[in-house]
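Read through the structure below, which is laid out as structure tokens, and then see the notes.
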Amino acid sequence: LRVVDAVMGGQMPRPERAAMSAWARREMEPGELGIIRSNEAAWAHAVAAGWEYTLVLEDDAKVELAGGPLQLLALLPSLVASAAEVDKDWQLLCLTPWGLEDFYGLCTPNHIPGLCGSKAPAWARRPKLVGETGWKRVGPTFHAFGWVYRRPLMEKLLDGLQQKRPPLNPLDVWVWEVMAEHDLLWRALATATPLVSTRTMPGGADSLRLQQGY
């Protein structure tokens with residue numbers, strides 16, 4: 001368990017922000033860049049530690065379990081084992097509400113070319129329950145405040161940042177683009193009952209996202 005110091009986008013050196021925005025689909029807000037750098041640090045730590053998977057909780061995450069984050073950590077091995085029974089090659093587990101906002105309705109199509117048209121399966125726009133397993137097969141969704149990443153996906157995300165492809169977007173858009181680029185879009189699952197929310201849905205006055213202008 002590690003608390004990764006948040007990268008405050010507004011405090012990032014201006015040249016670094018400009019360099020990141022230079023390969024983005026659009027000009028990125030400081031807060032969006034800070035969130036990417038913060039998650040990058042979490043992925044890099046997990047990969048360096050040799051972890052097969054890692055749960056990343058953002059600063060404003062609220063665990064919807066009586067025992068809070070410690071109960072979620074205790075349940076994590078069971079959650080991962082349960083997901084593996086549904087898809088042994090899963091890459092991303094969304095523990096947050098799916099479809100809180102209309103991903104495709106809010107994204108500009110030319111900003112997500114790898115997620116549009118024939119490149120995205122029809123079910124990507126609708127959650128699909130997998131029998132009575134307690135899991136849904138899901139497509140792109142916002143609010144990555146409680147996601148479990150598999151090691152191969154974290155490696156691809158880190159490589160994408162290094163290679164500067166696909167073009168940068170906000171974190172909870174760009175992760176899906178990386179998955180689509182590697183034909184992993186169908187390897188995402190979400191719990192039928194969300195386990196993580198934010199202190200105020202989808203963000204509030206105490207949310208670092210809001211403070212950073214996300």
Self-check item: Stacked cation flag Arg150 on Trp90, 6.0 angstrom / 45 deg
Solution: yes

Practice problem: Take Phe145 and Val56 through the test side chain to side chain contact (heavy atoms under 4.5 Å, CB included) and record every step on the way to the result. | Solution: CA-CA 7 Å; Phe145 38 77; Val56 178; over 6 Å; no

Within a strict 4.5 Å, meaning less than it, do heavy atoms of the [X] and [Y] side chains meet?
X      : Y      : result
Leu92  : Leu184 : no
Met28  : Ile36  : yes
Thr54  : Val148 : no
Arg26  : His111 : yes
Leu189 : Val138 : no
Tyr53  : Leu93  : no
Val47  : Leu158 : yes
Asp102 : Phe142 : no

For the [atom1] atom of [X] and the [atom2] atom of [Y], what is their distance to the nearest 0.5 Å?
X      : Y      : atom1 : atom2 : result
Glu181 : Glu177 : CD    : CD    : 8.5 Å
Met8   : Ile35  : CE    : CD1   : 9.5 Å
Asn169 : Cys107 : CG    : SG    : 7.0 Å
Leu57  : Thr96  : CG    : OG1   : 10.5 Å
Gln163 : Lys156 : CD    : NZ    : 13.5 Å
Leu157 : Met179 : CG    : CE    : 8.5 Å

Self-check item: Pair Leu72-Glu64, side chain to side chain contact (heavy atoms under 4.5 Å, CB included): steps then yes or no
Solution: CA-CA 9 Å; Leu72 179 58; Glu64 300 293 339; over 6 Å; no

Quiz prompt | Audit row: Lys136, Thr191, side chain to side chain contact (heavy atoms under 4.5 Å, CB included) steps and yes/no | solution = CA-CA 6 Å; Lys136 300 176 183 179; Thr191 50; over 6 Å; no

Check: [X] side chain, [Y] main-chain N or O, donor-acceptor pair, under 3.5 Å:
X      : Y      : result
Glu85  : Ser82  : no
Gln91  : Asp89  : yes
Thr133 : Val130 : yes
Arg125 : Tyr104 : no

Quiz item: Does atom CD of Glu132 have more than 12 heavy-atom neighbours, drawn from other residues, nucleotides or ligands, at distances under 6.0 Å?
Solution: no

Self-check item: Co-membership, hydrophobic cluster, residues Trp98 and Leu129, 4.5 Å side-chain
Solution: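 In one cluster: no.
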
Quiz prompt | side chain to side chain contact (heavy atoms under 4.5 Å, CB included) between Val7 and Glu16, worked out | solution = CA-CA 12 Å; Val7 176; Glu16 181 181 359; over 6 Å; no

Exercise. Please confirm whether Trp147 and Trp176 have ring centers closer than 6.0 angstrom.
Key: yes

